[in-house]
Colleague: 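Can you keep this structure in mind? I'll have questions shortly.
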Amino acid sequence: MSEDGVPKDGVPKDGVPKDGLPDRALPPRPRPDLNESQKRAVIHRDGPILVIAGPGSGKTRVMTHRIAHLIETGVPAHQILAITFTNKAAGEMLRRTLLHIGIDPDLEEGRYGSHAGMWGEMDQARPVISTFHSFCARFLRREIYRLEPYALDYTIYDTVDQREVVGDVLGQLSLDRTSFPPRAALSSISRWKNKMVSPAEAAADAHTFHDRETARIFGAYQAELEARNAVDFDDLLLLTVRLLRECPDVLERARRRHGYLLIDEFQDTNRPQYLIARLLAEEHQNLCITGDPDQSIYSWRGASAENFLRFREEFPGHAVVHLSQNYRSTPQIISVASRLTGGEFGERALFTENPDGENVLVRQVSDERAEAREIVSQIAAWRHDGTEPNEIAILYRLNSLSRAIEEEFVRQRVPYAVIGGTAFYQRREVKDVLAYLRAAHFVRDDLALRRIINTPARGVGKVSLERFEDAARDRGITLGEAIRDAELRATVRGKAKKGLEELAATLAALEEGRTRPLPDQIADATERSGYRAHLRQSEAETADERLRNIEELATAAAETEEILKFAPPPTEGEPSREPLLVFLERVALVADADFHTGREDRVSMMTLHAAKGLEFDRVVIPGVEETLIPHSRRDEPEDTDEERRLLFVGITRARQTAVLLHAAWRRRYQGPEPRIPSSFFDEIVGDGITFEPLADTFGDGPGRIRGNTVYDGADPFPAEAYEEDDELITGAWIEHDLLGRGVITATSGLGNSKRISVQFVEHGSKQLVASYAPLRIIAPPDDVLFGE
DNA sequence: CATCACCCAATTTTT
DNA sequence: TTGGGTGATG
């Protein structure tokens with residue numbers, strides 16, 4: 001391998017395949033706004049190159065300049081394939097690239113967002129920029145028929161769909177869902193798929209009964225998907241690998257088509273993704289990968305930073321560029337965050353020349369409500385200093401942590417946007433309506449049909465459905481084919497038969513309308529099926545919201561159609577542009593992060609995972625506690641390392657300020673639970689960080705912080721002997737010297753560390769340490785309670 | 001066959 | 001606290 005950034009042979013070979021396409025070469029511009037390392041990465045034209053880029057080191061900038069440079073030096077734009085981690089990143093990258101090469105993206109076609117990948121496919125003048133999954137989906141849309149038994153109009157099953165398939169399969173195999181929870185089975189299946197293990201191999205490898213059965217589930221699950229002409233997220237990647245491996249002509253074409261590859265966030269690629277990159281690039285060698293091992297946070301999804309090592313072995317002679325200068329954050333943030341990560345690949349120490357800022361702040365609060373209040377007042381202070389809401393982000397480990405904060409935001413009227421969580425397209429009503437369209441247009445998509453066969457209720461109960469399914473199975477046809485056959489519909493009787501007839505008519509009508517505008521199709525599906533009426537009467541309270549969501553769906557569909565309308569004329573061999581297919585594909589592949597527009601006047605809330613690649617002036621990370629970060633389900637040493645990197649990612653999202661919060665108590669499902677500050681605090685004590693004592697609630701002693709701290713050391717949770725006090729129980733009335741009377745609403749812990757929650761008549765709800773608080777019992781439970 | 005009431009279990013991160 | 005699953009009733 002050569003020294004930093006300089007190709008071994010020094011002279012770029014001509015890597016531009018000759019295919020007679022128009023040459024859009026422009027004179028390469030000087031790039032004064034890049035530093036030396038960045039420039040090296042940008043002008044390295046042919047051959048493999050590895051860019052190790054720390055947070056805030058201008059990686060996206062390098063990528064976009066690099067793409068522009070390739071185009072300027074004669075590479076036809078459409079030959080450039082850039083893979084990003086989210087659709088939104090793809091859209092952003094496309095936008096910025098177009099700006100570099102002098103095209104105004106807004107003028108050209110307005111919005112792209114999650115359609116970016118599609119655009120590249122459709123327009124020769126644009127680079128293809130998309131996620132691996134979108135890229136594969138488009139690719140399969142063109143080629144999947146080469147693999148038995150798939151057809152081009154395959155559907156993509158999301159997590160909810162997958163779970164239902166596993167449910168069916170469990171029935172088929174007569175396994176019970178308590179010993180084989182679908183969730184767990186699916187995670188095994190996904191793990192196998194990511195390791196590219198077939199069901200047969202999984203079975204051969206199984207040593208316990210449980211493993212053997214799970215492998216059987218895997219096999220039946222896969223068979224079921226194939227029967228339904230459906231693929232899951234992992235299949236998108238795996239089938240692409242298979243196609244490239246098994247069909248030399250396809251591989252050949254793909255290699256020629258994608259002559260230059262750039263892959264971002266390489267630390268989070270999994271095995272099949274790596275193989276796709278290798279298959280495409282091993283001949284022309286024009287592969288540029290960028291990433292940061294210190295930001296690898298998706299190993300649980302099969303991603304492996306080992307792909308860096310594999311790349312280094314399998315693409316010998318690659319150039320290496322380190323981007324270590326951070327342009328984003330204050331020295332305080334950089335030095336605190338840097339203590340969390342070793343920095344792989346040796347010398348790479350992140351540094352910044354930015355001016356000093358404030359210290360990273362660690363603050364204890366008494367519980368999740370106090371945490372929420374703290375966040376609100378913090379935001380108020382920042383707003384006062386002129387920070388815009390969209391420059392503030394709340395980043396948490398678990399989606400569930402958003403709830404308390406949201407409640408407080410609502411109370412105090414803080415505008416916010418939660419990214420992720422319960423995804424829009426997973427909502428029941430949205431899935432139901434889409435299922436109507438799927439069932440109407442995809443005869444083999446039995447999952448969709450089953451979903452709506454009795455929704456709204458039309459007399460097709462469990463018994464009738466079973467009988468009908470048996471009849472279909474006997475004939476060896478899918479349920480979708482069966483319902484289109486009058487003879488088969490007659491295998492059930494009475495109300496059920498009538499119901500099936502009705503549904504068949506509805507589906508036929510929808511099928512008929514296949515070419516109508518998507519919003520109309522959606523409206524039809526909602527109306528004709530009786531779904532709207534069903535919502536109105538059986539779910540009156542939520543009906544309005546659900547109908548609004550359906551409208552929202554129609555709007556999204558309209559947008560897809562709109563964009564298709566602006567598309568340049570189709571080129572030969574291009575995947576289908578049928579709006580329904582394109583839309584369903586988009587629905588399946590949008591990521592949570594894609595919804596982050598950043599433009600709205602709102603505080604952003606999202607998981608630490610979803611925050612990857614984003615940046616904000618001010619960042620708050622609540623819940624920095626043991627069992628949360630690091631999460632309790634991850635106690636292997638490698639897992640702890642990943643949790644550490646997760647915190648690293650979180651802190652380095654901040655430009656100016658990072659505030660880490662931890663609560664002494666946190667209410668879980670059943671009641672309050674004492675919390676211990678994250679052990680990661682031990683690792684980040686030192687320069688640039690300030691630990692603040694608890695200041696928000698009466699009655700709580702100072703909290704414990706490990707390592708270097710300003711706390712005075714009193715330990716509110718001593719493990720010493722105690723005497724149980726039987727009187728302080730839920731419902732008992734107490735009188736507090738300062739807070740007056742209140743009733744105990746919850747207790748936890750024992751002895752000296754016993755905590756009680758008290759609803760005071762005049763001071764609201766407080767958490768008290770029973771042994772410290774100046775209080776006495778005035779009445780046992782079930783004496784008069786005060787209102788509410 | 002549909003509806004309702006009750007009980008229990010679940011909680012990581014996501015394309 | 002929620003959602004899903006079960007069982008009794010109409």
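A note on names: the letters A, B, ... follow the listed sequences, proteins ahead of strands, and every chain is numbered from 1. Because only heavy atoms are used, hydrogens play no part in the values below, and waters and symmetry mates are left out as well, while side chains stay in.
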Colleague: Could you check how far CZ of A/F85 sits from C1' of B/dT14, rounded to whole Å?
Modeller: 8 Å

Colleague: Taking atom P of B/dT13 as reference, at what distance in whole Å does atom CG of A/L186 sit?
Modeller: 16 Å

Colleague: Could I get a table of every N or O pair under 3.5 Å where one atom is in the protein and the other is in nucleotides 1-7 of chain B?
Modeller:
from  : atom 1 : to     : atom 2 : distance (Å)
B/dC1 : OP1    : A/S464 : OG     : 2.3
B/dA2 : OP1    : A/G459 : N      : 3.1

Colleague: Could you check whether any side-chain N or O of A/R373 sits under 3.5 Å from a backbone N or O of A/E368, counting only pairs where one atom can act as donor and the other as acceptor?
Modeller: no

Colleague: For a quick check of understanding: with a heavy-atom distance under 4.0 Å over all strands, which category does A/F132 fall into, base, sugar-phosphate or nothing?
Modeller: nothing

Colleague: Can you see if the side chain of A/T159 gets near the phosphate of B/dT15 - specifically, an N or O under 4.0 Å from OP1 or OP2?
Modeller: no

Colleague: Does a salt bridge link A/R645 with A/D294, judged by any charged N lying under 4.0 Å from a carboxylate O?
Modeller: no

Colleague: Just how far, in rounded Å, is C1' of C/dG4 from CD of A/E164?
Modeller: 13 Å

Colleague: With nearest nucleotides of DNA chain B determined for A/F233 and A/L398 from heavy-atom distances, which residue corresponds to the more 5′ nucleotide?
Modeller: A/L398

Colleague: Can you measure A/R138 atom CZ to B/dT15 atom P for me and round it to whole angstrom units?
Modeller: 19 Å

Colleague: Considering only NZ, NE, NH1 and NH2 on the basic side and carboxylate oxygens on the acidic side, decide whether A/D161 and A/R451 come within less than 4.0 Å.
Modeller: no

Colleague: Could you tell me the separation between the CG atom of A/L237 and the C1' atom of B/dT15, rounded to a whole number of Å?
Modeller: 8 Å

Colleague: Find the distance A/R667:CZ to C/dT2:P and express it as a whole number of Å.
Modeller: 13 Å

Colleague: Name the nucleic acid region contacted by A/S400, choosing base, sugar-phosphate or nothing; use a 4.0 angstrom heavy-atom cut-off, strictly under.
Modeller: nothing

Colleague: Would you call A/W300 stacked on B/dT12, i.e. ring centres under 5.5 Å apart with the planes less than 30° off parallel?
Modeller: no

Colleague: Determine the sole option in A/E642, A/Q267, A/E306 for which the side-chain hydrogen bond (donor to acceptor under 3.5 Å, both in side chains) test with A/S299 is passed.
Modeller: A/E642

Colleague: In whole angstrom, give the distance that lies between atom CD of A/E368 and atom P of B/dT11.
Modeller: 20 Å

Colleague: Under the 3.5 angstrom rule, does the side chain of A/Q162 hit a backbone N or O of A/D232 as a donor-acceptor pair?
Modeller: no

Colleague: Is it the case that the side chain of A/S190 and the backbone of A/L186 share a donor-acceptor pair, with hydrogens and angles ignored and the cut-off at 3.5 Å?
Modeller: no

Colleague: Is A/N399 close enough to B/dT14 that one of its side-chain N or O atoms is under 4.0 Å from OP1 or OP2 there?
Modeller: yes

Colleague: Step by step, would you call A/D268 with A/K612 a salt bridge (charged side-chain N to carboxylate O under 4.0 Å, His left out)?
Modeller: CA-CA 11 Å; A/D268 289 322; A/K612 187 168 76 152; 2.4 Å; yes

Colleague: Stacking between A/H631 and the base of B/dT12 (centre distance under 5.5 Å, interplanar angle under 30°)?
Modeller: yes

Colleague: Round to a whole Å and report the spacing from CZ of A/R645 to P of B/dT13.
Modeller: 18 Å

